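Structure, as structure tokens:
Each chain gets a letter, A, B and so on, in the order its sequence line appears, and its residues count up from 1. Not measured: the values here are computed from a predicted model.
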There are 2 protein chains.
Amino acid sequence: MPPELAGKLTALLSKPRDIPARQDLMTEGDAPAAMVVMLEGWACRYNILPEGTRQISAFLMPGDCCDLHVSVLTEMDHSIATLTPAKVAHIQRDELNDLLDAEPALMRAFWWMQLVNESVMRAWIVSMGRRDSLQRVGHLMLELYARATAIGLVRDDRLVMPLTQIVIGDALGLTPVHVNRVLRRLREEGVMEIQGGTLTIADSAKLARVTGFDDSYLHRRLKRAA
Amino acid sequence: MPPELAGKLTALLSKPRDIPARQDLMTEGDAPAAMVVMLEGWACRYNILPEGTRQISAFLMPGDCCDLHVSVLTEMDHSIATLTPAKVAHIQRDELNDLLDAEPALMRAFWWMQLVNESVMRAWIVSMGRRDSLQRVGHLMLELYARATAIGLVRDDRLVMPLTQIVIGDALGLTPVHVNRVLRRLREEGVMEIQGGTLTIADSAKLARVTGFDDSYLHRRLKRAA
DNA sequence: CGGCGTTTTGATCGCTCTCAATTTTGGTGG
DNA sequence: CCACCAAAATTGAGAGCGATCAAAACGCCG
């Protein structure tokens, strides 16, 4: 995003607010009143099914917006919750709409963000449909690692990645028990490891090969974010 | 979309072209030169994995655009192929971009379409993650039936639905063999039936209950399209 | 009429789930 | 700093859903 646009957008941001972990930022059925921008911490989009199970459809990291839908749609068809303590800022629906009307380039930028999100979602669909549990877990970790790298969250080849095995399971359609076994296998094979909330990928080439990971679907995101 | 905008968009449409079934409209890796609008027939977005398996991530019906990405992104991360003989029209990338710059409301409309697509994709992720094979098949059929109803494709409660069991399997992450067994079960239970390329939903209330189908995620699409 | 792709059915395999119990971790209050 | 508690991680045993392999019947199109 061109800096002058980013500036105008930043000007609309509310004062940052601290949110505890595991708290809804938006709830299904709500009419979203404002767009929320993640400044620190992780969050996720999710749905709860009639049986009570949860499916996560996206992870939100610092810099991600939730929700771009604000200015267009009227009702949330999913919820968004923090996974860690988070810092967020708001942009009021009306102010955002006014700015978007005044700055078509900004609307285009938002549209572009949307397209990148769609790329990621498509990759998730491919994973859930055609990859086994080991590939799914590995692929997700590579995605998160790449995204985190792009926003400077990776230090010394380590990523503080606060996802519990329950959360990983809810994102991949697996049980936490099975996620645990998959992680053990990946660890034993020396490919990657999650230790104390920190992700370390020891052999990213092998992991990418095994999981069929191709970061080109993220490139646009990464290039633009860089 | 307001009629005057639709008119300006229509003015850019190329002469309709006939495309045979099973032909790529766009191929992964291509730089898309034009946006394609489906006028007749069905198509799908898909990826081919290293192992040779295919995953379909969306179905395109008349009125759907493929691809909105044209004016923003540079390279396709998936392919689009016809499933039936189809009639399509093109809008050249540059002309579309010029019109979008001149008509912010049109860009907003495109953004809005994108958000609806995203709703549908999220529902797919939920299905693939947390629904069993019977629920998945039923849920997809209800989605397609609702979308087809909205564009007037349903007559006498019957939908000409040209998806083979192979295609359904590729969309839901199931084998064609298992899709067949699921369809048999749905037929035997008197819930729905696919006969000679025609879908008939005998007990949509029961099917919706069993599959956890809630059309609210489509309402925006349907309302607007109506 | 012939041929190929789709549909259908059967038998068996195996990946992932379920159920259950134990250990570890992290956060909280004394 | 330590005791305690709840949540998460870990491991084992067994069951089931959907995959795989195989083959036959069907339908469509040339």
Side-chain angles (χ1 to χ4, degrees), chain A residues 20-23 42 49 51-56 81-85 127-138 140-141 160-188 192-199 210-211, chain B residues 20-23 42 49 51-56 81-85 127-140 160-188 192-199 210-211:
Chain A
R22 295 158 191 270
Q23 184 169 318
W42 294 46
L49 281 85
E51 302 83 33
T53 56
R54 176 172 73 161
Q55 178 63 43
I56 292 174
T82 55
L83 294 167
T84 66
S127 266
M128 320 232 2
R130 293 297 179 207
R131 290 198 251 261
D132 65 25
S133 59
L134 194 129
Q135 293 177 313
R136 289 227 276 274
V137 171
L140 176 61
M141 293 306 130
V160 175
M161 205 243 351
L163 307 187
T164 66
Q165 295 175 3
I166 296 172
V167 169
I168 295 173
D170 282 346
L172 299 176
L174 302 169
T175 57
V177 173
H178 197 64
V179 169
N180 184 280
R181 291 190 231 271
V182 168
L183 288 175
R184 170 155 59 114
R185 195 136 63 90
L186 288 166
R187 189 191 326 130
E188 286 170 355
M192 53 154 280
E193 185 178 12
I194 299 179
Q195 242 304 321
T198 302
L199 168 67
V210 169
T211 63
Chain B
R22 297 158 190 272
Q23 184 168 318
W42 293 47
L49 282 85
E51 303 84 32
T53 55
R54 176 172 73 159
Q55 178 63 42
I56 292 174
T82 56
L83 293 167
T84 68
S127 265
M128 320 231 5
R130 292 298 180 205
R131 288 198 251 260
D132 65 24
S133 59
L134 193 129
Q135 294 177 312
R136 288 227 277 273
V137 172
H139 197 276
L140 176 62
V160 175
M161 206 242 353
L163 307 187
T164 66
Q165 295 175 7
I166 296 172
V167 168
I168 295 173
D170 282 347
L172 299 176
L174 301 170
T175 58
V177 173
H178 198 64
V179 170
N180 184 279
R181 291 192 232 271
V182 168
L183 289 176
R184 170 155 60 113
R185 197 136 61 89
L186 287 166
R187 189 191 327 129
E188 286 171 354
M192 52 155 280
E193 185 178 11
I194 298 178
Q195 242 303 321
T198 301
L199 168 67
V210 170
T211 63

Gap separating the CG atom of B/Leu49 from the CZ atom of A/Arg130, nearest 0.5 angstrom:
8.5 Å
Please round to the nearest 0.5 Å and tell me the distance separating atom OG1 of A/Thr84 and atom CE of A/Met161.
12.0 Å
Reported CG-to-CD1 distance for the pair A/Leu183 and A/Ile194, which is rounded to 0.5 angstrom:
4.5 Å
Between atom CZ of B/Arg131 and atom NE2 of B/His139, what is the distance when rounded to the nearest 0.5 Å?
3.5 Å
Atom pair CG/OG1 of A/Asp132 and A/Thr211 - distance to nearest 0.5 Å:
10.0 Å
Heavy-atom neighbours of A/Gln195 CD exceed 12 at 6.0 Å:
no
Quick one, A/Val137 and A/Leu174 - any side-chain contact, counting heavy atoms below 4.5 Å?
yes
So what is the end-to-end bend of the helix from C/dC1-D/dG30 to C/dG30-D/dC1, with 5 pairs used at each end and the value given to 10 degrees?
60°
Summarise how protein sits on nucleotides 6-18 of chain C as a single string, 5' to 3': B when a protein heavy atom is under 4.0 Å from the base, S for sugar-phosphate-only contact, - for no contact.
SSBBBB----BSB
